[in-house]
Protein chains: 2
Amino acid sequence: MDIQQSIKPYVIGLDLGGTNAVFGIVDSHGYIKATTAIKTQVYKSAEDFVKSATDSLQIIIEQVGGISKIKGMGIGAPNGNFYSGTIERAPNISWGKGVVPLADMFAQAIGIPVALTNDANAAALGEMTYGVAKGMKNFIMLTLGTGVGSGIVVNGQLVYGSDGFAGELGHVIMVREGGRLCGCGRHGCLEAYCSATGVARTAREMLANTNEPSILREMNAEDITSLDISIAAGKGDKMAKDIFEFTGKMLGQACADFATFSSPEAFVFFGGLVKAGELIMDPIRRAYDESVLPIFQGKAKFLVSSLDGASAAVLGASAIGWDINQQ
Amino acid sequence: MDIQQSIKPYVIGLDLGGTNAVFGIVDSHGYIKATTAIKTQVYKSAEDFVKSATDSLQIIIEQVGGISKIKGMGIGAPNGNFYSGTIERAPNISWGKGVVPLADMFAQAIGIPVALTNDANAAALGEMTYGVAKGMKNFIMLTLGTGVGSGIVVNGQLVYGSDGFAGELGHVIMVREGGRLCGCGRHGCLEAYCSATGVARTAREMLANTNEPSILREMNAEDITSLDISIAAGKGDKMAKDIFEFTGKMLGQACADFATFSSPEAFVFFGGLVKAGELIMDPIRRAYDESVLPIFQGKAKFLVSSLDGASAAVLGASAIGWDINQQ
């Protein structure tokens, strides 16, 4: 924490979701001092959205002592590009179909430096700044939600790559022959198997392809969620446990490949699927130990995010705000 | 180039191979001003090796104006660890079976800062300092020789990871079911298919599994090298071309996975296999374009090392010498 931060003790985080845009003012320990939110989709244009957001922000900024107390603002947004400060063709935001220079727009509206990145990168920064990856220089964050996102930290810096879009580990190919169709249009991606939707698909396949008894058969197969599978496994249901075993094995094997890249100190997991706890973490660790290159065996930690799920996205976004280069 | 470098215009590079230890004194443009070599294996201990090396080095150091002209020394060595400056259980060096603090030993013997890393990382630094990756902040070097080595540069820095052993992309798993046994003891590694020995194995498999005519059948199958396949393909031999097609496809698919990690500006290839030119580079590029995530399509360059094969290893090693922190 440098002198700059002790003079300006707060950053603003914006978690831009498809439904809500949630703002928090955060201190260096990760305490949210004030928070507000607006609906994301009720605006005709990005300008209208930023205007409404700024009006709401002013109120909480005053609550913490005014804009002079705030070092910067970070935005975690779908398809956010750190280098350009834009969101590009965000699929779930009505005013975000083109290329929207959201960081610049907020910087001009509020008068502080603003940077943005995608959700998974923000999550990684959040863990590094406030969470279980505090002090780590090399780790990989994997978010297991609707998709599989990733944020990679190397030498203490987030990996953005040549174009700002690095860290798409949900799209490494895990099944090269006859793999599942992924949302990206290709086949066999990690995301098609190990996201919450991928796990539900594994459940439907197992139910359809076997006659094994399972309490999951009492449900409409199309309605089964990863939470249902988690609950069933908690009750001792063998098929539900097998689903986590299958998913964890693939994640562990993927992590073994990732280790050859950056040999991280830890893999940090976050998202709906991680709520299954050891049901998923234990097979991940086992598959990793069985398949990783001998030189990396027994080195990497497998950690679950320590940030509160509800506020993690805002904390992650806010973490970007500490690192912005001041003019 | 900072003032330090203009005062000390040279670095020493040591390419430590299983047969020869080759030294070069190199300027900032990559010109080798003086060179010498000793046998690697004729010494009973690391101390004896360093003593003999230092004696030979003194002669070429005097040739360029003395030790005051030299900024530092870099060593490229099998199993070299940048963080510790040690070589660890180097399989092909008789006095290198344990953990040898080679960087410290040379630093004390010559009185300048010394650092070391493995061969592929040194090659990446060489390309970034003197070669086709000059000025690049994000690229991946792949060396296709006896094995498949890699050096990964992110944000202008080599990726060493938490333990100094990052960048082992020859050991990502490309074939998860029934893959070839790799030298690392696991199955299906990229190296088992796309190293020079992997390519020779592909030739033997194709010869054994088909009746297709090929001029490769005129040779003893066990003696076929990647150079023979290259020559046969140059004569229009279909099987030889198919071997490069198979190898290039796997490399292109592997690079597509690597792009999801660090979205590099370029992939730079070096090593015996690359001498086949477009026979291997063309299928690599095609497979990459066909299989990479849409967001990365058409972005990465596929380059061949511009450094002279004979001196590339010394140049790569020397590149480490520019970056050493002076006490």
Side-chain angles (χ1 to χ4, degrees), chain A residues 79 81 88-89 136-140 150 152-177 182 184-191 249-250 253-254 256-266 290-296 299-301, chain B residues 79 81 88-89 136-140 150 152-177 182 184-191 249-250 253-254 256-266 290-296 299-301:
Chain A
N79 291 26
N81 188 309
E88 307 187 10
R89 290 169 287 280
M136 287 188 194
K137 297 280 186 195
N138 294 280
F139 71 98
I140 295 179
S150 65
I152 304 161
V153 172
V154 163
N155 294 340
Q157 300 172 315
L158 208 63
V159 178
Y160 291 112
S162 63
D163 59 355
F165 292 115
E168 285 290 350
L169 299 183
H171 297 284
V172 297
I173 304 297
M174 294 302 292
V175 181
R176 294 200 182 268
E177 301 291 332
C182 179
C184 72
R186 305 180 310 150
H187 289 83
C189 293
L190 181 65
E191 174 167 302
K249 182 179 176 187
M250 190 177 286
Q253 290 179 338
D257 277 348
F258 303 159
T260 69
F261 207 103
S262 66
S263 185
E265 181 178 344
E290 280 164 21
S291 54
V292 77
L293 195 65
I295 202 169
F296 300 125
K299 288 182 177 173
K301 302 183 195 83
Chain B
N79 291 25
N81 188 309
E88 307 188 10
R89 289 168 288 280
M136 287 189 194
K137 297 281 187 197
N138 293 279
F139 71 97
I140 295 178
S150 66
I152 304 161
V153 171
V154 162
N155 294 338
Q157 300 173 315
L158 208 63
V159 177
Y160 291 113
S162 62
D163 59 355
F165 292 114
E168 286 290 351
L169 299 183
H171 296 284
V172 296
I173 303 297
M174 294 302 292
V175 181
R176 292 199 184 271
E177 301 291 333
C182 179
C184 71
R186 305 178 311 150
H187 288 83
C189 293
L190 181 64
E191 174 167 300
K249 182 179 176 188
M250 190 177 285
Q253 290 178 338
D257 277 349
F258 303 159
T260 68
F261 206 103
S262 65
S263 185
E265 181 179 343
E290 280 165 20
S291 54
V292 77
L293 195 64
I295 203 169
F296 298 125
K299 288 182 178 173
K301 301 183 197 82

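Throughout, a chain's letter reflects where its sequence line sits, starting with A, and its residues are numbered from 1. The basis for the numbers below is simple: all heavy atoms, side chains too, and nothing from hydrogens, waters or symmetry mates.
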Give, as side chain, backbone, both or neither, the part of [X] having an atom under 4.5 angstrom from any heavy atom of chain B.
X	result
A/Leu190	neither
A/Val154	side chain
A/Ile152	side chain
A/Phe139	neither
A/Met174	both
A/Lys137	neither
A/Ser291	backbone
A/Val153	neither

Relative to chain B, which of [options] shows the most heavy atom pairs under 4.5 Å?
options	result
A/Ile173, A/Leu293, A/Val175	A/Leu293
A/Met136, A/Arg176, A/His171	A/Arg176
A/Ser263, A/Ala266, A/Cys189, A/Cys184	A/Ser263

May I ask you to test the A/Gln157-B/Gln157 pair for a side-chain heavy-atom distance under 4.5 Å? yes
Using modelled atom types only, decide if a donor and an acceptor are shared between the side chain of [X] and the backbone of [Y] within a distance under 3.5 Å.
X	Y	result
B/Ser150	B/Gly167	yes
B/Asp163	B/Phe165	yes
B/Thr260	A/Leu169	no
A/Asn79	A/Glu88	yes

What residue in B/Glu265, B/Arg186, B/His187 has the most heavy-atom pairs under 4.5 Å with chain A? B/Arg186
What are the two closest heavy atoms between B/Ser262 and A/Phe261, and how far apart are they? OG-CZ, 3.5 Å
